[in-house]
> 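Sharing a structure here in structure tokens format.
Chain naming here is simple, since letters A, B, ... match the order of the sequence lines and numbering starts at 1 in each.
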Protein chains: 2
Amino acid sequence: MSIMLLAPRPESPRSDPTPAAHDRVYRGLRTRIMHGAIAPGQALTLRGIGAEFGVSMTPAREAVRRLVAEGALQLSSSGRVSTPELTNERIEELAALRALLEVELASRALPRAHMALIDRLQTINASIGEVIEAHDAVGYIRTNLEFHRTLYLRAQAPAMLAMAETVWLQLGPTMRKLYGRLQRRETPHFHKLIIAALKAGDEPGLRLAVRSDVTQGLRMLTT
Amino acid sequence: MSIMLLAPRPESPRSDPTPAAHDRVYRGLRTRIMHGAIAPGQALTLRGIGAEFGVSMTPAREAVRRLVAEGALQLSSSGRVSTPELTNERIEELAALRALLEVELASRALPRAHMALIDRLQTINASIGEVIEAHDAVGYIRTNLEFHRTLYLRAQAPAMLAMAETVWLQLGPTMRKLYGRLQRRETPHFHKLIIAALKAGDEPGLRLAVRSDVTQGLRMLTT
DNA sequence: GCCGAGGGTTTGTGATCACATGTCGATCAT
DNA sequence: ATGATCGACATGTGATCACAAACCCTCGGC
């Protein structure tokens, strides 16, 4: 085990008066998994999770159950918890789902896209270059997802966005393997195409660019 | 061979002698919600659920957490559990998701559809007539979903099917209101179109029929 | 040397409990 | 009669415990 960060404070002086324990654990784990901070097949224990977040097993179990329901974690037949190791078929299916959902989200966001949104996307895209420079795989995934989420938020389709995020969650640990393997040296080409299509109001171009961006990386994962 | 070290299968896939308590509760509630056996806005209590299934609060809580994660249940700010009352925007979004996912599933199932599948679909479709005759709203929803699931199972896309079922789950309580309101007297027209398109191997026709079938009913729910 | 059996340890499960908070109803003052 | 206030009850939360099963490491036999 590596560093152990403790949060033994039952009451936090934060703005939120009641940060439920199980929710803190859930969010903490979810972020780590989605950003690829945990390798595929990594085993977790309820007591370990509880200790790390300074809570007992009960909230840890609830957080794990929730993540299992979203496909972010796997339960062995005996109840052991681990991040899933995806088969090639599963990866291709999830990539197809990303394409299906995100093309639709982008298409719905297009008519609502102002200049301010495009500026934000360009800012995020620029910072992707920085994390690439730093060889920061987790940072790359996080910033890349932030780019997509920023665009899709404009679609005003929360259920659809939630489903897309669920797919990201399932792909998180596997994506780490991809971006840890290939050494990128430039910001994603398709992000520029997405921004260009947004500026031009070109819907077919946008759909193609999003589909390409989503499919491109995942295809390299299937060995 | 030393393969036996790898997979010491303790449980047969047929019948599990000891289904975990939380899983029994989860499946029981899930089925009821998906089939529209619980009205929208209905409040539930952990102790009540536990008493009903003969377990303590702990498994009940885990089952509820899982269903909340799937959007089948709602948590009030104070943690009270209830089935959600969907807004019109939400219903339309979920209908769009159904269309998106199920058209793709049907399309993938088409090249794998044998005559045996079509026969099964026709049998299910016939039994829809019976439940309509009996004015059985829950039975109608269940049989209708069975029709769709039977078709989509052929797509060999478990993640996509799981997402579609999650959408059904979210729409469950609301669907009850629809099918309880309108008095159907004949089996769904679009199911016949789906079967016809399957027989003809007509992919565009199949996509249109599925989209129509999915959209038709839900449109009446708004307002 | 390798395989299998044994036992100590780890791990998940479910019940129970103490506690805080929310909810609902009754009572009382106006 | 109506509205607010207070209190009893209901409800979710998280910790702890006992228990069974699984896992892993070691040891002994072939």
> Which residues in residues 52-63 of chain B have at least one heavy atom lying under 4.0 Å from any atom of DNA chain D?
B:Met57, B:Arg61
> Specify the separation, in whole Å, of atom CG of A:Leu46 and atom P of D:dA15.
13 Å
> Is the A:His191 ring parallel, tilted or perpendicular to the A:His148 ring (thresholds 30°, 60°)?
perpendicular
> How many whole angstroms separate atom CG of B:Leu75 from atom C1' of C:dG22?
14 Å
> Given atom OH of B:Tyr26 and atom P of C:dG14, what is their separation to the nearest angstrom?
16 Å
> Find which nucleotide of DNA chain D each of A:Ala21 and A:Arg80 is nearest to by heavy atoms, and output the residue with the more 5' nucleotide.
A:Ala21
> Output the rounded distance in Å from CG (B:Asp23) to P (C:dG12).
16 Å
> Identify the heavy atoms of A:Gln74 and A:Thr83 that sit nearest to each other, and give their distance.
OE1-O, 4.0 Å
> Please name the pair of heavy atoms, one in B:Leu151 and one in B:Ala109, separated by the smallest distance, quoted to 0.1 Å.
O-CB, 3.4 Å
> Rounding to a whole Å, what distance do you find between A:Arg65:CZ and D:dG14:P?
16 Å
> Are the side chain of B:His35 and the backbone of B:Ile33 linked by a donor-acceptor contact shorter than 3.5 Å?
no
> Base, sugar-phosphate alone, or nothing: which one does B:Ile49 contact when heavy atoms must sit under 4.0 Å apart?
nothing
> Quick one: label A:Leu44 by what it contacts on the DNA or RNA (base, sugar-phosphate, nothing), any heavy atom closer than 4.0 Å.
sugar-phosphate
> Starting at CZ of B:Arg47 and ending at P of D:dA10, how long is that distance when rounded to a whole Å?
10 Å
> Checking A:Arg65 against B:His22: is there a side-chain donor and acceptor pair closer than 3.5 Å?
yes
> Could you tell me whether the side chain of A:Glu102 and the main chain of A:Val210 form a donor-acceptor pair under 3.5 Å?
no
